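These notes are about the structure you will find just below.
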Amino acid sequence: MAAAGGCAPVLVLNKVDLVADPEPALAVLRAVAPGVPVVATSAQRGDGLDALAAQLGRGRTGALIGSSGVGKSTLVNALLGSERQATAEIRARDDRGRHTTTSRALFALPHGAGLLVDTPGLRLPRMSADPAGVAAAFADVDELAAGCRFSDCRHETEPGCAVRAAIAAGELDPARLRHRRTLEGEQRWAAARRR
Ligand SMILES: Nc1nc2c(ncn2[C@@H]2O[C@H](COP(=O)(O)OP(=O)(O)O)[C@@H](O)[C@H]2O)c(=O)[nH]1
Ligand SMILES: [Mg+2]
Ligand SMILES: [Zn+2]
């Protein structure tokens, strides 16, 4: 989504104060999105706020997207150093956030450190119809695919498949190929709906 929209994605793992060691979760994020910066934060305790602000900077605009309840508005408040956005407890019953933030709002960070948009939670992030987004997110798979014998290789049962060879050699996580297929399907669906 971010790549198709011309944005540079940054993954934020918030609420790191809730675990003794956030490293295993960070490792999962790094594997899911190779090459994408990952920032660990605790909006509550103040961890990682400088690292997050460093992803913005003068002349840049960021937008926080993610499920309701993950702490987007709390992060905005922590970065601004004031309680500008209302935040809400997660419902204990189903662990879901309430949609406390109901509209988008743009804030200027102190010291000209960039602009940040707080958004209501996304109930269902939709893939862009633009195939460039999927290509950007799976450059590692496509690089391997360039070595397949057939240029239209589906990486299923074709001989000379460099992607399956890399999976067999433990060089590519099979989940990467699965995720690519899933997102490609969603992207095609989005493209078909637009026609
Ligand atoms: N433990 C912990 N709770 C947090 C943190 N950031 C936000 N929260 C809590 O998570 C709940 C949802 O936060 P909110 O900012 O409203 O989430 P939003 O829906 O993504 O804007 C609130 O109860 C916050 O106090 C954090 O870093 N650590
Ligand atoms: Mg909010
Ligand atoms: Zn192949």
Side-chain angles (χ1 to χ4, degrees), residues 9-23 25-26 29 38-53 55 62-107 109 115-125 134-135 138-181 184:
V10 175
L11 285 171
V12 181
L13 180 70
N14 188 39
K15 309 197 185 185
V16 292
D17 55 280
L18 295 179
V19 291
D21 179 14
E23 199 43 51
L26 290 167
L29 287 182
V38 177
V39 181
T41 64
S42 165
Q44 206 166 75
R45 206 166 57 187
D47 304 22
L49 296 177
D50 291 343
L52 181 57
Q55 294 291 337
L64 292 164
I65 56 175
S67 302
S68 194
V70 296
K72 297 179 297 299
S73 297
T74 311
L75 277 170
V76 166
N77 289 339
L79 288 167
L80 292 174
S82 67
E83 301 297 310
R84 296 276 290 281
Q85 286 291 81
T87 63
E89 296 289 326
I90 290 179
R91 291 185 301 223
R93 184 161 46 85
D94 58 4
D95 213 30
R96 298 278 190 91
R98 288 172 293 205
H99 286 266
T100 309
T101 311
T102 50
S103 61
R104 286 163 288 189
L106 177 73
F107 298 96
L109 298 187
L115 301 174
L116 190 57
V117 181
D118 190 15
T119 68
L122 290 180
R123 283 227 162 79
L124 181 64
V134 176
F138 294 93
D140 54 338
V141 179
D142 291 350
E143 225 164 85
L144 287 166
C148 293
R149 185 177 306 165
F150 302 109
S151 60
D152 62 348
C153 186
R154 305 261 319 132
H155 324 305
E156 281 162 8
T157 56
E158 294 90 339
C161 175
V163 173
R164 280 209 331 282
I167 290 172
E171 286 156 13
L172 178 72
D173 182 350
R176 293 286 297 155
L177 186 57
R178 277 202 312 277
H179 294 162
R180 194 190 199 297
R181 289 200 170 115
E184 213 167 30

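Throughout, residue positions are numbered sequentially from 1 according to the sequence presented. Atoms within each ligand, like the ligands themselves, are counted from 1 in listed order. Computed from a predicted model, the values in this text were never measured in an experiment. Basis for what follows: all heavy atoms, side chains included, without hydrogens, waters or symmetry-related copies.
- Of the polar atoms of G69, at least one N or O is found under 3.5 Å from an N or O of ligand 1, judged by distance alone.
- Below 4.0 Å from some heavy atom of S68 lie the following atoms of ligand 1, by number and element: 19 (O).
- Within ligand 1, the atoms closer than 4.0 Å to a non-hydrogen atom of S42 are 27 (O), numbered from 1 in the order shown.
- Residues R149 and C161 fail the side-chain proximity criterion, which asks for heavy atoms closer than 4.5 Å.
- We find the CG-CG distance between L29 and L11 to be 5.5 Å, quoted to the nearest 0.5 Å.
- The closest side-chain heavy-atom distance from L115 to F107 is not below 4.5 Å.
- Atom CD of E158 sits in a crowded spot, with more than 12 heavy atoms from other residues, nucleotides or ligands closer than 6.0 Å.
- Remark: ligand 1 and A43 share an N or O pair separated by less than 3.5 Å (distance only, no angle test).
- Under the 4.5 Å side-chain criterion, counting only non-hydrogen atoms from C-beta, L13 is not in contact with T41.
- Side-chain contact between T74 and K72: absent, with no pair of heavy atoms (C-beta onward) separated by less than 4.5 Å.
- Atom CG in D47 sits 12.0 Å away from atom CG in L52 (nearest 0.5 Å).
- Counting heavy atoms under 4.0 Å from ligand 1, residue D17 touches it through the side chain alone.
- Residue pairs that meet the salt bridge (Lys or Arg N to Asp or Glu O under 4.0 Å) test with at least one member in residues 163-178, sequence neighbours left out, are D140-R176.
- Around atom CZ of R45, more than 12 heavy atoms belonging to other residues, nucleotides or ligands sit under 6.0 Å away.
- By the 3.5 Å distance cut-off applied to N or O atoms, S73 is counted among the residues near ligand 1.
- Close contacts of ligand 1 with K72, meaning ligand atoms under 4.0 Å from a residue heavy atom, involve 15 (O), 17 (O), 18 (P), 19 (O), 20 (O), 21 (O).
- Inspection of the environment of the Mg ion (ligand 2) yields the following protein N, O or S atoms under 2.8 Å: S73 OG, T101 OG1.
- For L18, every heavy-atom contact with ligand 1 shorter than 4.0 Å involves the side chain, none the backbone.
- Proximity of L64 to ligand 1, defined as any heavy-atom pair under 4.0 Å, is not found for any part of the residue.
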task: Begin with the C-alpha distance, continue with both residues' side-chain angles, and end with the deciding distance and a verdict on side-chain contact (heavy atoms from CB on, under 4.5 Å) for C148 and V163.
output: CA-CA 7 Å; C148 293; V163 173; 4.1 Å; yes
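- Counting non-hydrogen atoms of neighbouring residues, nucleotides and ligands closer than 6.0 angstrom, the CG atom of D17 exceeds 12 such neighbours.
- K15 places no side-chain N or O within donor-acceptor distance of the main-chain N or O of G71, the cut-off being under 3.5 Å.
- The count of protein N, O or S atoms under 2.8 Å from the Zn ion (ligand 3) stands at 4, with waters excluded from the count.
- For the pair F150/P159, a side-chain contact is recorded, criterion being any heavy-atom separation below 4.5 Å from C-beta on.
- The ligand atoms of ligand 1 that sit less than 4.0 angstrom from a heavy atom of V70 are 17 (O), 20 (O).
- Ligand 1 places these atoms under 4.0 Å from at least one heavy atom of T74: 6 (N), 7 (C), 13 (O), 14 (P), 15 (O), 24 (C).
- Looking at heavy atoms from C-beta onward, V70 lies out of side-chain contact with V12 at the 4.5 angstrom threshold.
- Not counting sequence neighbours, D118 has no partner by the salt bridge (charged side-chain N to carboxylate O under 4.0 Å, His left out) test.
- Ligand 1 places these atoms under 4.0 Å from at least one heavy atom of T87: 14 (P), 15 (O), 16 (O).
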